[in-house]
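In what follows, chains carry the letters A, B, and so on, assigned in the order in which the sequence lines appear, proteins first and then strands, with residues in each chain numbered from 1. For clarity, every value in this text was computed on a predicted model and none was experimentally measured. Note: hydrogens, waters and symmetry copies are ignored here, and every other heavy atom, side chains too, is used.
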Amino acid sequence: MSTRVRWRKVVSHLMLALTGVCALISVSVLFFILGYLAFHGGSAIHWEFFTKLPAPVGEIGGGMANAIVGSAKLLALASLIGVPIGFFGGVYLAEFSGSRTAFVVRYSADLLNGVPSIVIGIFAYTILVLPFRHYSTLAGSFALALLMIPTTLRSTEEFLRSVPRSLREGAMALGASRWKTIISVVAPAAYRGILTAILLALARVAGETAPLLFTALGNRFWSPGWNQPTASLPVMIYQYALAPYEDWHEQAWAAGLVLLGLILVVNVVARGVLARGVAVPRS
Amino acid sequence: MKRIGMFLALVVLGGGVLGAADNPVLINGAGATFPYPIYSKWFDEYHKKFAHAQINYQSVGSGAGIRQITEGTVDFGASDGPMSDEQIKAYLDKHNSPILHFPTVLGAVVPTYNIGGVKASLNFTPEALAGIFLGKVTKWNDPLIGSANPGISLPSEDIVVIHRSDGSGTTYIWTDYLSKVSEEWRTRVGKGTSVNWPAGLGGKGNEGVAALVKQTPGAVGYVELIYAASNNISYGAVKNAAGVFVKADLASVSEAAAGAAKDMPDDFRVSVTNAPGKRAYPISSFTWMLIPAKFDDAAKRDAIKGFMKWALTDGQSYAEALSYAKLPKSVVDKELKALAKVQ
Amino acid sequence: MAVTATTVHGASPKAGSRTFLAKLRDGDEVARLVTFLFAMFVVLIVVFLVFELWRQSALPRHKFGLAFIVSSVWDPVFDRFGALPFIYGTLVTSALALFLAVPLGIGSAIFLAELAPPRVSDTLQFLIELLAAVPSVIYGMLGIFILVPLMRQYIAPALKATLGFLPLFQGPAYGVGLLTAGIVLATMIVPYIISVSREILLSVPRDQREAALALGATRWESTWKVVVPYARAGILGSVFLALARALGETMAVTMVIGSTPVISSSLLSPGDSIASVIASQFTEATGDLYLQSLVELGLVLFLLTFILNGFARLLIVLTSQRGSGLENA
């Protein structure tokens with residue numbers, strides 16, 4: 001083996017080891033954060049946390065039941081609004097559009113992505129809170145949906161595009177229309193990437209605080225329906241973390257853990273549901 | 001895909017049902033963060049007594065409180081600083097009826113510090129405080145500080161000023177005081193919920209400032225009394241208008257209010273910083289609830305009026321445990337009479 | 001590219017052309033229209049947003065004009081507002097964040113996509129995505145309680161001792177500052193880069209790798225010189241996503257940047273960013289000029305994003321090979 005080849009092999013091992021180090025660092029950060037949350041918030045997690053309303057200051061106990069339900073409501077509605085828009089917009093870009101419209105749409109999505117979440121919150125406030133003169137879960141979900149759209153759209157486009165042309169042409173050669181090709185062949189082939197992007201978008205908005213402060217406000221009680229202010233985990237964390245009471249700090253960390261748990265559950269369920277529902281090709 | 005759609009649709013419908021209580025009066029308020037602990041305690045206690053009244057208060061900031069009550073997105077507001085004449089006029093123009101101020105409790109803002117080797121309570125003169133925050137007094141062993149603290153040996157450490165990064169009523173109270181005691185501060189920086197700080201770093205919230213002060217050697221910052229107490233950081237005494245060095249505590253804050261109580265204007269908008277009185281703490285302030293004079297919804301109006309009556313009487317007994325000073329009796333009496341204005 | 005498929009079941013005997021009804025029946029035109037509407041919604045929202053930002057910042061635009069962008073004074077009491085320190089802070093912290101997160105992220109993605117066994121890779125991916133859900137406030141708290149003291153007591157002195165001759169690392173080290181904010185931001189955006197890049201790398205057809213290996217490339221060479229360039233568009237896309245997040249991040253940055261509107265060449269100095277100052281001061285802003293100046297800051301950030309995106313796209317166009325599909329990135 002010549003020295004050149006040996007050198008290239010060494011470089012190869014070295015660089016690959018380096019990527020391993022990168023991955024190790026990234027994962028360590030995650031475990032560190034999880035560990036910190038568990039350590040500081042673990043003591044506050046008990047059955048009450050999930051079932052009770054927040055307790056007034058100075059009283060130990062109480063929970064964040066309304067915030068958990070509130071976050072779930074907000075995220076569900078936000079997905080209902082944001083995912084279809086992002087997904088179908090991405091389909092348009094990948095399958096139907098001309099290059100000029102595509103450019104405009106892509107650029108818009110990137111711009112929307114760069115808007116600070118607080119500005120989105122203020123925007124949602126001006127169109128959904130001011131005219132109706134009250135804060136609401138709906139306004140909060142709208143703001144969160146706006147935050148989900150760019151990631152979903154660009155990633156849908158990206159992953160649909162990555163499906164090899166041969167797959168598409170094969171389907172069309174068999175007589176499927178454009179639309180059928182997309183639904184039955186292309187999308188399923190790209191579903192993993194698209195799902196990842198959607199879940200990532202969901203994870204991101206799950207932790208957003210600023211837009212909710214302007215739209216869903218907050219609520220120490222239960223929030224009926226969709227038209228009243230609602231408590232949510234990120235806002236509770238924000239309020240409790242910046243308060244002078246140690247047991248509120250603990251609750252803030254615990255809420256962080258619960259939020260992560262919520263996202264974990266959604267991840268697992270979504271991957272499970274989708275894996276069974278779509279991977280099987282339809283005839 | 002269809003499966004997810006159905007699932008989500010179910011959740012949406014379900015969400016509408018979840019969280020519905022049976023016929024409570026839902027009232028939303030927003031405003032100052034400073035009184036949040038006592039307000040949340042009050043609203044919870046009141047709800048225990050009168051289960052149908054659900055008063056939801058969110059601490060989004062005094063300025064936000066003023067803005068939201070003017071826009072009408074909340075039923076009442078709360079602020080650490082009284083509304084200005086322009087803001088009152090704006091409310092009047094928009095709603096055709098006035099907005100009323102009701103002081104609820106008193107609080108104090110204290111100077112906290114972290115100096116190596118100094119555990120004792122320092123005395124601060126107004127000149128020293130102004131000098132420090134103007135960035136002119138840069139070392140702890142400056143004579144301006146030392147002259148008020150003869151028994152304490154101060155190191156030659158650099159002073160690191162910590163102020164608030166976010167707009168806040170606490171800043172308003174602090175800068176209001178400095179504007180009164182320092183002409184240079186008044187003309188150069190002024191008073192407001194956010195100012196152009198000549199020196200120092202910003203921390204987010206009282207908690208952020210306390211955290212930074214605790215961590216940074218040589219730091220000095222201003223926080224609400226309760227944050228200094230609960231974070232266990234040293235805070236100093238301030239020389240009041242009568243020339244006495246007073247450390248903030250509930251008695252000295254109440255004394256500051258007592259002086260103002262005599263000349264309390266009818267709309268209750270008064271600043272009590274640098275108040276007269278031998279034992280008065282000079283950096284004290286009322287905090288107000290902003291209540292519309294006219295309510296369209298009778299149930300809401302009755303709930304709020306009922307709450308205010310309770311807060312001004314029974315509610316005051318919860319204040320001291322949370323490091324807030326009670327209102328002077330004369331002020332309470334005046335407010336109870338003024339409540340009649342809420343229609 | 002609009003390819004019209006001829007249906008086998010079509011009734012029309014005419015060769016080549018299809019009736020409108022036939023197209024409608026196929027659903028292609030409907031699909032095209034519907035997806036077009038969804039896509040246009042996005043454009044409309046952005047236009048509406050910019051319009052609102054423009055409208056709600058009329059006062060300071062008329063009062064300060066372009067001086068707003070170059071002035072360094074931010075004085076809410078005396079009504080003088082300038083955006084320069086915030087623009088500087090935003091750019092520096094985002095650049096720092098990218099500088100740290102991109103190599104780390106791409107390296108991790110390569111490891112997860114190419115080297116790790118599939119189950120390990122999937123589990124780690126799963127967990128790393130969770131990082132994206134950690135609320136900003138918690139990153140901020142961790143920043144204040146852990147990173148800031150570490151920075152002040154160990155990292156900054158070490159940097160000053162070794163690289164202190166550079167203006168980048170001079171001046172007192174408070175713990176909070178541009179560098180701390182950059183590190184916190186990097187931690188926050190790394191999950192996006194890793195997640196998306198990994199998926200993109202996994203979607204590269206196997207024959208690409210195998211061809212390279214068959215030609216005698218080492219594992220690394222096949223990855224770095226064949227697979228990654230093939231996936232370049234998607235990876236760059238994930239970097240854009242990460243950059244956008246960094247530019248708009250508010251809470252965590254506010255807590256560790258020191259909130260001092262100054263421009264300093266040192267990374268250890270405190271600073272401030274556009275998103276962070278909007279978040280800090282918006283709710284308390286009293287007075288129309290003050291409020292609208294904050295909105296104008298939002299507009300400035302928008303402009304910044306616009307320019308940065310355009311610049312990055314130009315970069316792609318200039319460096320891409322024709323036909324590699326990158327011009328559609």
Output the option from C:Pro172, C:Gly177, C:Gly175, C:Pro149 having the highest count of non-hydrogen pairs under 4.5 Å with chain B.
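Highest number of pairs under 4.5 Å: C:Pro149.
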How about [X] and [Y]: do any of their side-chain heavy atoms sit closer than 4.5 Å?
| X | Y | value |
| --- | --- | --- |
| C:Pro261 | B:Trp197 | no |
| B:Pro217 | C:Arg152 | yes |
| C:Val77 | B:Asn196 | no |

Can you tell me how far the [atom1] atom of [X] sits from the [atom2] atom of [Y], to the nearest 0.5 Å?
| X | Y | atom1 | atom2 | value |
| --- | --- | --- | --- | --- |
| B:Lys204 | C:Ile257 | NZ | CD1 | 13.5 Å |
| B:His163 | C:Ser259 | NE2 | OG | 7.5 Å |
| B:Ser194 | C:Tyr290 | OG | OH | 3.0 Å |
| C:Gln281 | B:Arg164 | CD | CZ | 11.5 Å |

Specify the closest pair of heavy atoms between C:Phe282 and B:Arg67, including all atoms of both residues, with the distance to one decimal.
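So the two residues come closest at O-NH2, 3.0 Å.
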How close do B:Ser165 and C:Ser280 get, counting heavy atoms only, and between which atoms?
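Nearest heavy atoms, B:Ser165 then C:Ser280: O-CB, 3.4 Å.
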Side chain / backbone / both / neither for [X] at chain C, heavy atoms under 4.5 Å:
| X | result |
| --- | --- |
| B:Lys191 | backbone |
| B:Thr187 | backbone |
| B:Thr193 | side chain |
| B:Glu86 | neither |
| B:Leu212 | side chain |
| B:Val195 | both |

Is it true that, when you exclude [X] itself, more than 12 heavy atoms of the residues, nucleotides or ligands shown sit nearer than 6.0 Å to its [atom1]?
| X | atom1 | answer |
| --- | --- | --- |
| B:Lys89 | NZ | no |
| C:Arg80 | CZ | no |
| C:Tyr154 | OH | no |

Of all of B:Gly190, B:Gly169, B:Gly202, which one pairs up most often with chain C through heavy atoms under 4.5 Å apart?
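Looking at each option in turn, the highest pair count goes to B:Gly202.
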Looking only at heavy atoms and a cut-off of under 4.5 Å, which of B:Thr216, B:Val189, B:Val60 has the most pairs with chain C?
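Most heavy-atom pairs within the cutoff with chain C belong to B:Val189.
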Would the distance check show the side chain of C:Thr260 and the main-chain N or O of B:Gly200 forming a donor-acceptor pair, the cut-off being under 3.5 Å?
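Judged by distance alone, yes, a pair lies under 3.5 Å.
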Could you walk me through whether B:Gln215 and C:Tyr174 pass side-chain contact (heavy atoms from CB on, under 4.5 Å), step by step?
CA-CA 9 Å; B:Gln215 285 183 17; C:Tyr174 298 110; over 6 Å; no
Would you mind checking which part of C:Val277 comes under 4.5 Å of any heavy atom in chain B, side chain (CB onward), backbone (N, CA, C, O), both or neither?
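For C:Val277, no heavy atom lies under 4.5 Å from chain B.
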